[in-house]
Each structure stands twice: as C-alpha cells, then as structure tokens.
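Quick note on labels: first sequence line is chain A, next is B, and so on, each numbered from 1. Model, not experiment: these values are computed from the prediction.
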Amino acid sequence: MAQFKSETQRANFVKQEEEILEQWDREKTFERSVDSRKGGEQFIFVEGPPTANGLPHPGHVLTRVVKDLVLRYKTMRGFYVKRKAGWDTHGLPVEIEVEKNLGIKTKGEIEAYGIEKFNKKCKDSVFRYEKEWVTATKRVGFWVDMDSPYITFDTNYVESVWWSLKEIWKKGLLYKGHKVVPFCPRCETTLSSHEVAQDYRDVEDPSVYVKFKLKQDEELYLLAWTTTPWTLLGNIALAVHPSNTYVKVKLKDGAKGEILILAEARLDALDDEYEILERFKGKDLEDREYERLFEYAKVEGGEAHKVITAEFVTLDEGTGIVHIAPAFGEVDYEVCREKKLGFSQPVNSEGHFTDEVPPLEGMFVKDADRQIIEMMEQRGVLYKESKYLHSYPFCWRCGSPLLYYARESWFIAMKSLRDNLLANNEKINWYPAHLKHGRFGNFLDGIEDWALSRERFWGTPLNIWLCTECGKDFCVGSIEELKERATNTVSSDPHRPYIDEVVLRCEDCGGEMRRVKDVIDCWYDSGSAPFAQWHYPFETDKFKQNFPADFITEAIDQTRGWFYSLLAVSTAIFDEPPYLNVLSLGHILDENGVKMSKSKGNVVDITSIFDNEGADALRWYFFTAGPLSDDVRFSEQGIVEKQKKFLNTFWNSYFFFVTYAAIDEFNPKAKEIPVEKRNAMDRWIISRWNTLTNEVIAAIERFEIHVAARKIEDFVVNDLSNWYIRRSRRRFWIQEENFDKDCAYLTLYEVLVSLCKLLAPFVPFLTEHIYQNLVMSEDKHESVHLCDYPSTDETLIDAELEDSMLLVSKLVEAGRRARSDAGIKIRQPLKDVVVVCSAEKQDKVASLAVIIKDELNVRELKLEDAKGEFAAAEEYKQIEVDEDTALFLNTGLDKELIEEGIVRDIVRRIQGMRKDIDLEYTAKISIMYEGDEAVKEAINNFTDYICGETLAVELKEGIPSAESDQIYVKNWKIDKKEVHLAIEAA
RNA sequence: GGGCUCGUAGCUUAGGCUGGUUGGAGCGCUCGGCUGAUAACCGAGAGGUCCGGAGUUCAAAUCUCCGCGGGCCCA
C-alpha cells in the first residue's frame with residue numbers, strides 16, 4: 001500500500017494552494033461537490049452581482065469568503081447548493097468611467113459622440129477587470145459557477161426585467177411624477193446620492209430674512225428665512241409648524257414700527273427691540289394668503305402663496321416660517337403635492353433663469369443671489385441679511401455647487417406597498433438581528449416611492465411607450481410583444497439607441513407611440529436577480545425551484561441597496577420575501593480604522609496577500625477577527641500572526657504525525673481499536689473533539705462564524721498540539737510494535753482527518769492538502785470537499801474526563817509555580833508531591849496521576865483528604881489551587897535525585913546537539929564526555945537511560961583532541977560544572 | 001443635521017442580552033523555565049480613568065440619558 005508522503009517541517013502554504021487550485025480545475029472538484037448532492041434538499045443562494053469595472057478590494061474578498069464558507073458547509077451537510085455567479089453591468093458609474101476615458105463630461109457631448117458608440121464602450125468597460133475578478137475569486141477559493149453567470153445586460157435578463165415592470169404597471173403601481181434631484185448645472189446631469197455624498201464642503205451662503213406681506217392686513221409680515229435667495233423666484237407657499245407658538249411682534253424703532261410674525265422660540269433672530277402683541281399656534285395661520293414677492297414666474301397646477309402647516313418645520317434656526325419652492329426642494333415638492341398646490345419653474349435645465357424672469361434672464365442662479373437681494377431691498381421686503389456657514393454638496397467631477405431641481409421621473413408606488421414590505425420583512429431572519437427592526441425596519445416604515453427612471457444612456461431601457469397623439473402609455477412586457485406591436489424593425493439588442501427607434505401604434509387613437517427616453521435605475525436590475533437570472537417567466541421551472549433564497553450576504557451598505565431592492569421588487573410582483581436569511585457584514589477599514597478608498601490611497605492590494613500569506617491565512621484572519629457584522633481593521637501583520645499561530649500549529653501537528661507514521665509505516669486501515677480500549681489521553685482528545693463539533697455546528701448555524709473558528713483554533717493549539725501531542729510524544733517514539741503506540745497513532749490520525757473535514761469550509765486549501773495525504777488512495781484523489789461534514793458522536797463525549805483533565809492542568813500549573821517559587825527547575829526530579837483535596841477530586845486526580853507526575857517530574861503523587869489535617873514537613877512548598885484544593889511540593893533532594901537531574905541536563909544537551917547537526921531522528925550516535933567526578937558518577941549510574949533517550953550505541957569518557965569533521969564537540973556549564981560533550985554518527 | 005452601529009492594556013480582542021469575588025486572553029515587553037513536531041510552549045511580572053460625564057442601584061465595563069470619536073446609511 002501507499003505510504004504517507006513525507007512533508008517539510010515548514011509548509012509553503014502559497015505554493016500548496018496554487019497546486020490545489022490546479023488540481024480542483026483538473027478534476028472538476030467544485031462541479032463534483034455540487035453534483036454529488038443532487039437530489040438532496042436544496043439550499044438556495046443568490047449571488048449579489050458585483051460590477052467588474054474596478055478592481056476587487058478586500059471588502060469584496062471578505063463577502064466572497066463568507067459566501068464560500070456557508071455554501072461549502074451546507075454542501076458538506078448534504079444540501080444541494082447551486083451557485084450561479086452574476087455581474088452587475090449597467091448604471092451611471094459605468095458611464096462615468098467611459099466619460100473619463102473619452103474626456104467628455106456632459107450629456108450633450110455624449111449625444112454628439114453617438115449613443116451607439118458610447119454604449120458599446122460601456123459594454124466593453126464593464127468587463128475591464130473581469131479577469132482580475134475571476135482570478136481573485138478563484139484564488140481566494142470561492143467556489144461559484146463563473147462559466148454561466150447571469151449578466152444584467154443580457155437580452156434574456158432585460159426581458160425578465162421588462163416582464164416584471166409590466167406586472168407592476170398592470171397593477172397600476174408605475175406612474176409619472178416629479179422628483180427633486182441633485183443636479184449639476186455644468187455637467188447637465190443628475191447625481192446619485194452616492195455621488196452627492198462624495199463632496200460636501202463648508203461654504204458661506206447669504207442668509208436672508210424676508211418679509212412676506214399678508215393680504216388684507218396693512219403692514220403685517222410673515223418673516224421667513226432662506227440661504228438660497230434664488231429659489232424665492234419659485235416660491236409657492238410658506239410653512240409653519242401647526243402646534244408651535246408663533247408671535248406677532250411690533251418692532252420698537254428704526255424699522256418703521258412694522259409688525260412681524262415669527263416663532264416665539266426664534267425671537268433671537270430679531271435685531272431690533274420688540275414688543276409682543278399676540279401669541280397663537282401655527283395652526284391659526286393656516287391658509288392665510290400673502291402677496292407674492294416677485295410677480296414673474298408662472299404658477300401652474302394649483303393654488304399658491306398661502307400659509308400651510310407642516311411637521312417638518314423646526315425651530316433650530318431661521319424664523320420657524322419656511323419658504324417653500326417645489327421646483328427646488330424635495331420636501332417642498334412633496335408637501336406641495338400633498339396639499340395640491342401649484343408649481344413654478346423659472347429656471348432652465350442649465351441652471352439659468354428663463355424669460356419668465358426678465359430682469360434675471362440668462363443668469364446662472366447662484367450668480368443672481370446678489371441682485372435678488374438688492375431687488376428685495378428696493379422693495380423694502382428684506383428684513384436683514386448676513387452670512388451663513390453650512391455644508392453644501394458640490395459636483396465631485398467638476399466642483400460646481402449642486403442645485404436641487406425638480407425633474408420628471410417614473411416611480412414605483414412603494415408607499416402603497418408599505419404594509420406588505422413590513423409583513424414580508426417579518427418573515428426574514430436578519431444577522432445581526434438589530435437590523436430587522438432597526439435600520440432596515442425603520443427605513444421600510446418611512447418608505448418613499450421608488451424613483452425608477454434615469455435620464456441616461458447605459459441601462460435597461462424603461463419599457464414604456466407614450467402616444468404622441470393622445471398621451472396614452474403602454475408597457476411592453478416581452479420581446480415578442482414588442483415585435484408584435486412594433487411598426488418597424490426591432491433590433492436584437494434591447495439597449496439604446498436601437499430601442500429608441502421602435503415605434504408602436506396606439507390602440508386607442510392609432511397615433512404613434514414613442515418610448516420614454518429614460519433607462520431604469522440599475523438597483524432595479526440587481527433586485528430582479530431572483531427571477532431574471534433564470535429568464536423567468538419565459539423559462540419557468542428554474543425560477544420556481546430557486547425561490548425564495550435561503551441565504552444571501554453582503555456588506556452593511558446594502559441594507560438600503562440590494563437588500564432593499566430585492567425585497568421591493570419581490571414584494572411588488574410576488575408579495576413574498578425573496579430571501580429568508582440575510583447576513584450583513586461589516587466593512588474593511590485600514591490599520592488606522594479609516595475606510596479604504598481609492599482617493600486616500602489606503603486600499604490594500606489583495607493579490608500581494610495571496611502571494612505572501614495565501615488565501616487560507618486571509619480567510620482564517622477574517623473568520624476569527626470578530627463578529628462578521630463588525631468592521632475589521634485590516635492588518636497584514638494580523639494575517640501573518642494567524643498563519644503562525646493557527647496554520648503553522650495545525651501543520652506541525654500533521655507534520656509530527658506523518659513524520660513518525662512514515663518511520664513506523666503506520667497503516668490506519670490495518671488497525672481497529674475501539675475508543676474505550678484506548679488510554680485516557682486518547683479518550684480525552686476524542687471527547688474534546690466531539691464536544692467541539694457540537695459547538696462549531698451550533699455556532700455556524702447561528703452565523704457566529706468567529707465563535708466557531710475561535711473554538712477550533714483553541715482546540716488545535718491548546719488541546720491537540722500543546723497538550724495531547726506534547727503529552728503523547730513518547731508513545732510515538734517506542735520502536736517496537738506496541739498496542740499503546742497504535743492507539744496513539746490511530747487517535748491522532750482520526751482527529752486530524754476529522755479536523756480536516758470540520759475545517760474544510762474555513763480553510764479549503766490546507767485541509768485539502770492534508771486530507772489527501774492522510775487518506776491515501778492509489779488511483780484517484782479524493783477530496784475533503786466531497787466528504788460529509790462531521791457530526792458529534794454523543795457516546796464518545798466523556799464530560800467527567802474532560803473535567804478531570806481540567807483539574808489536572810490546574811494542578812500542573814500550580815506545581816510549576818511551586819517549582820518556580822522554590823527555584824528548582826523542572827529537569828530536576830523531585831521525590832513527591834501531595835495534593836490535598838476532596839474525596840471526589842481525589843478520584844479524578846488518581847485516574848490521571850501519571851500525567852501530573854510526568855509534567856511535574858516527581859516520582860510520587862500522594863493524595864490527602866481535604867478534611868484531614870495534612871501536616872507538611874518543612875521541605876514542602878505549598879500552593880493553593882482553589883478553595884478546597886492545595887498542592888505541596890517536596891523540595892528535598894538526595895544524591896540520586898541530584899544525579900538524575902544532571903543526567904537529564906546532559907540528555908537535553910545531546911538532543912540539542914543532534915538537532916544542531918541535522919541528524920535523522922532515527923540515526924544512532926556515539927557519545928564522548930568529560931566532566932568532574934559527580935558528572936562521571938551520574939553518567940555511569942544512568943548509562944542505559946542516556947543511551948536509550950539519545951539513541952547512543954556507545955558512551956565513553958574522553959574526547960579526542962584531534963580535529964575531526966565527524967565529531968561534533970560542545971562545551972557546557974551544568975549547575976556551574978564544566979561539562980564537555982561530543983557526538984559522532986555511529 | 002437624523003437613524004443605526006462600534007469604542008475594554010501599545011495592538012487584536014473575551015465578558016455586556018440576564019448588574020455581584022481582585023475585568024479574562026493572545027501578540028509585543030521584562031525575568032525565569034521547558035523543548036528532537038511547533039520562529040512553539042510553560043511560570044512570574046510590568047501594562048487598564050473598561051471613550052468622557054451624569055443617572056438608576058446596596059452594587060455599573062454591563063442598564064438609562066447626554067456628550068466625544070470611528071463606521072455605514074440618509075439629509
């Protein structure tokens with residue numbers, strides 16, 4: 001039979017991982033691992049699609065290894081786990097990347113360049129870093145099917161998205177309205193909220209207090225405040241808080257004795273002395289009409305210039321009277337819509353005043369502030385003016401101040417689905433749990449309609465056609481329907497500009513129908529993944545078998561991103577939750593706790609981690625760092641430490657085993673020894689392993705990955721390596737056939753193999769490497785990833801034994817402390833140690849007495865009842881272990897003990913010398929020595945012991961003075977005695 | 001500005017839900033020991049305003065409130 005392959009003491013993890021990768025590729029291990037579970041219960045996963053137009057960074061790698069861990073685990077637990085990769089390919093970020101490359105900035109420039117060419121570039125750009133993504137994904141060990149991924153620009157995908165929008169349209173949930181969006185007047189484009197967040201600056205704006213004269217009352221003014229005077233041209237209403245107190249005040253002097261109204265809490269805003277004439281609630285002002293400030297702009301669609309009440313009015317700043325301009329503020333727009341007020345838009349799409357405002361026509365709004373203030377002053381409606389410092393958003397591309405500006409937009413009426421969203425959210429398990437009713441639940445509570453359309457180029461075209469004659473809208477739900485209804489040819493590419501050419505016939509009036517020029521928000525694309533990846537409903541089965549998902553995971557920023565868009569789309573169409581468990585991950589910060597970003601230049605290059613420490617070290621670092629929901633301060637040093645502490649220790653446990661198993665030609669298949677026949681150490685480590693397995697599975701099921709990983713690490717480092725193997729070493733060194741040695745081999749072998757399985761989802765490379773060498777198979781490789789996940793054998797858990805061992809380790813600790821206090825090193829044997837404890841503990845200690853004697857290097861262990869009065873002689877050193885346990889160490893020495901101490905020192909030195917000259921473990925040697933009488937006598941009395949320990953065939957006095965390459969000489973000082981030792985291979 | 005979350009030794013962290021001996025551990029540091037699997041390990045030591053403040057309580061790292069700082073989302 002095949003022998004275990006021998007290993008080097010220091011592992012080359014990176015090289016091993018690369019070999020494993022090749023092997024997985026060659027042997028299609030991933031495909032086999034999935035296929036082997038066909039017929040098993042499904043565990044459904046949906047991949048949150050990344051965009052491959054930038055390099056993957058550590059955060060992406062984290063989500064990928066977490067996905068991988070859970071999916072490998074579930075697979076090993078017997079579930080059939082399909083893993084379709086996905087790519088998010090549409091959207092503004094892609095367009096911006098292309099604009100940059102083309103050196104253009106405005107929509108006009110794009111149109112001049114040609115939408116066809118532009119979109120072609122977008123399509124190419126999307127996969128610019130595909131190779132890097134695929135490489136990193138494979139390298140980190142994420143098993144996902146990248147050969148047949150879903151791609152959001154695919155015609156099939158687009159068709160499914162169209163179908164879903166038609167469902168929403170049929171339910172009457174798709175409507176056209178206005179949305180106030182941040183708009184860059186220079187780039188002529190709206191900005192996403194993400195882009196807006198990129199450049200907030202503290203700026204000084206004019207702070208103006210404006211008097212609005214109430215109708216019917218002479219010289220009675222409402223005092224309003226604004227920092228954007230140019231928006232006053234679009235004023236439609238003034239808002240007050242319904243229940244706050246407002247006052248009518250008479251200004252004492254310098255201000256013509258006029259009378260103003262403002263919130264009582266904001267009287268500080270007045271510069272003048274005043275007298276309060278009257279107090280009333282904001283509600284009392286409702287519906288009072290006031291005179292327009294400027295008579296220029298047209299007002300359409302409703303009433304205007306009256307006082308309304310609104311809860312959002314605050315008393316933190318201003319006057320408690322808020323100027324409302326629906327064209328320039330989101331809240332303004334909403335409240336006007338609610339109160340059915342009119343709309344006024346005196347500014348064009350480049351941010352210049354239109355001809356509705358002759359004195360300012362053609363002026364850029366921000367530049368008009370000065371002139372507007374002067375105009376107000378002339379009319380006597382300006383109460384006062386000052387400067388105001390606040391943070392205001394700027395265009396991150398060109399640095400222009402952004403304007404908030406009402407644009408036409410298509411909406412999904414999510415507000416009307418609020419209760420359904422909340423009900424579906426109840427069916428979802430959130431990790432961490434606080435998100436469910438915290439961040440996410442609160443967000444759903446205050447949900448707004450989804451502004452779906454984007455006035456852009458590269459995206460899923462909005463599938464709505466409008467009749468140019470009668471204005472009727474029609475939503476196309478499939479390619480087939482499009483072809484049926486089209487009066488001209490339909491391109492096979494559903495994108496702009498081809499789709500823009502398709503003309504339909506209006507069923508009502510026979511007029512021409514043309515498509516709305518917009519594309520849709522790419523979040524809707526990815527939110528459609530559960531069905532669109534299967535081209536539902538055009539291919540039915542696959543979707544039905546894969547919905548809803550059992551598990552998704554992404555980082556915390558996706559709560560209002562993908563986590564929401566999935567729920568929103570699924571609720572609107574199926575009224576079901578699209579996923580049942582969602583794991584939200586923290587972010588990767590740099591070493592100083594600051595977010596990694598390109599602009600700060602602190603993004604860690606993940607490929608160098610792969611090349612230096614390897615994927616397993618990185619994975620283990622992530623899994624043990626802390627709860628997955630917490631942010632991680634990423635440090636390469638931390639990864640190196642994990643490698644040293646955990647991977648090396650695991651490797652060395654394995655290395656120890658194969659090294660001796662090779663020497664002994666141990667064959668695990670030839671032995672079968674029931675656990676109960678093995679010794680206490682064996683039964684203990686097996687019990688510990690079974691306890692561990694229980695804990696690990698429970699923790700993974702709770703998504704407490706760090707708890708599982710840390711428990712395994714503790715087991716490997718402390719229980720297995722530093723206790724079981726260290727304590728059992730001598731059993732492996734026995735040269736002849738021996739039952740106890742077989743027990744040790746078998747136990748260590750079983751634990752290592754089981755550990756490989758337990759650890760396989762965590763560190764898939766190292767476990768594969770070790771497993772394949774341990775589980776020998778001549779014809780083909782078996783993979784650890786094709787194994788079943790281990791389960792606990794409760795009959796092998798011996799709680800009492802685990803307990804006893806704990807007590808033993810405490811006693812050993814105490815004994816060492818006693819030695820340390822008495823200044824007697826461990827190599828010096830001592831006569832006895834006395835343990836005073838309860839009868840119950842005595843039994844436990846007695847069963848493991850050998851271990852204590854050996855660890856403490858004492859000849860005898862005596863037990864005394866705690867109740868009895870143990871009178872220790874003078875030479876006993878006492879140490880308290882716990883309330884009812886004490887340990888007494890006999891520090892008295894006699895000649896024999898001293899001699900043995902010397903001898904053990906000599907053996908230790910010789911072993912060190914063997915190591916110095918790299919002797920094989922099994923090589924025989926000759927020993928030569930020189931020393932004083934005491935040394936000579938000790939050596940003579942313990943010749944057999946020395947020879948046995950050091951594999952010496954000869955032990956003689958005198959070291960040849962002649963230089964020889966064969967002889968290795970070293971001079972030592974043992975307890976202040978000069979000792980010269982020499983060894984030579986025999 | 002709002003919501004959520006995190007903040008424990010130089011660094012990484014346990015404990016916190018359920019308040020109760022001197023707040024544990026690892027890395028690093030000092031001293032000593034052990035070592036033919038392990039740049040490993042063991043013993044002792046130095047190192048803590050448990051972010052700050054207030055409150056509840058006989059008792060607060062833990063519960064409550066207000067701040068400060070990091071992160072995310074929203075404005």
Restricting to nitrogen or oxygen on both sides, can you table the protein-nucleotides 63-69 of chain B pairs closer than 3.5 Å?
none

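- For A:Phe646, the ring pair (Phe, Tyr, Trp, His ring centres under 6.0 Å) partners at least two apart in sequence or on another chain are A:Trp620.
- Listed pair A:Tyr654 / B:A37 fails the phosphate criterion, with no side-chain N or O lying under 4.0 Å from OP1 or OP2.
- With a 3.5 Å ceiling on both atom-pair distances, the Watson-Crick or G-U wobble partner of B:C65 is B:G53.
- One interatomic measurement links the two molecules: CG of A:Asp905 to C1' of B:U35, which rounds to 13 Å at whole-angstrom precision.
- For the P atom pair drawn from B:U57 and B:A25, the interatomic distance equals 35 Å after rounding to whole Å.
- Under the Watson-Crick or G-U wobble criterion, with both distances below 3.5 Å, B:C4 is paired with B:G71.
- Ranked by how close their nearest RNA chain B nucleotide is to the 5' end, A:Leu720 and A:Lys825 are led by A:Lys825.
- In this structure, A:Phe655 has no ring pair (Phe, Tyr, Trp, His ring centres under 6.0 Å) partners at least two apart in sequence or on a different chain.
- Pairs engaging residues 618-640 of chain A under the salt bridge (charged side-chain N to carboxylate O under 4.0 Å, His left out) rule: A:Asp68-A:Arg619 [sequence neighbours left out].
- With no hydrogens or angles considered, no side-chain donor-acceptor pair links A:Tyr724 and A:Asp719 at under 3.5 Å.
- Comparing B:G28 with B:G10, their C1' atoms sit 8 Å apart, to the nearest whole Å.
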Please list, one pair per line, the donor and acceptor atoms closer than 3.5 Å that link side chains of residues 822-829 of chain A to other protein atoms, with sequence neighbours excluded.
{"residue": "A:Lys825", "atom": "NZ", "partner": "A:Asp905", "partner atom": "OD2", "Å": "3.1"}
{"residue": "A:Lys825", "atom": "NZ", "partner": "A:Asp975", "partner atom": "OD1", "Å": "3.3"}
{"residue": "A:Arg827", "atom": "NH1", "partner": "A:Asp905", "partner atom": "OD1", "Å": "2.1"}
{"residue": "A:Gln828", "atom": "NE2", "partner": "A:Leu897", "partner atom": "O", "Å": "2.7"}

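- Where A:Gln558 and A:Gly912 each meet RNA chain B at their nearest nucleotide, the meeting point lying more 5' is that of A:Gly912.
- Taken to the nearest 0.5 Å, the CZ atom of A:Phe623 stands 13.5 Å off from the CZ atom of A:Arg710.
- Atom CG of A:Leu856 and atom P of B:G33 are 17 Å apart (whole Å).
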Query - Contact letters for nucleotides 38-44 of chain B, in which S counts primed atoms plus P, OP1 and OP2 and B counts the base, heavy atoms under 4.0 Å - result: BBSSSSS
Query raised in the report: If the sugar-phosphate is the primed atoms plus P, OP1 and OP2 and the base is the rest, what is the B/S/- string for nucleotides 5-14 of chain B, using protein heavy atoms under 4.0 Å?
Result: S------SSS
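- With sequence neighbours excluded, the residues forming a ring pair (Phe, Tyr, Trp, His ring centres under 6.0 Å) with A:Phe563 are A:Trp430, listed by chain and number.
- Here the P atom of nucleotide B:G71 and the CG atom of A:Asp557 are 14 Å apart, to the nearest Å.
- Pairs engaging residues 435-444 of chain A under the salt bridge (charged side-chain N to carboxylate O under 4.0 Å, His left out) rule: none recorded [sequence neighbours left out].
- In this structure, a donor-acceptor pair under 3.5 Å is present between the side chains of A:Trp733 and A:Tyr660.
- With sequence neighbours left out, A:Val835 forms a side chain to side chain contact (heavy atoms under 4.5 Å, CB included) with A:Leu811, A:Cys837, A:Leu861, A:Leu863, A:Thr885, A:Leu887.
- Partners of A:His60 under the ring pair (Phe, Tyr, Trp, His ring centres under 6.0 Å) rule, at least two apart in sequence or in another chain, are A:His57, A:Trp133.
- Residues meeting the side chain to side chain contact (heavy atoms under 4.5 Å, CB included) test with A:Ala982, sequence neighbours left out: A:Met928, A:Ile959, A:Ile967, A:Val969.
- Protein atom CG of A:Leu444 is 13 Å distant from nucleotide atom C1' of B:C73, rounded to whole Å.
- For B:G24 and B:C50, the C1' atoms lie 12 Å apart once the distance is rounded to whole Å.
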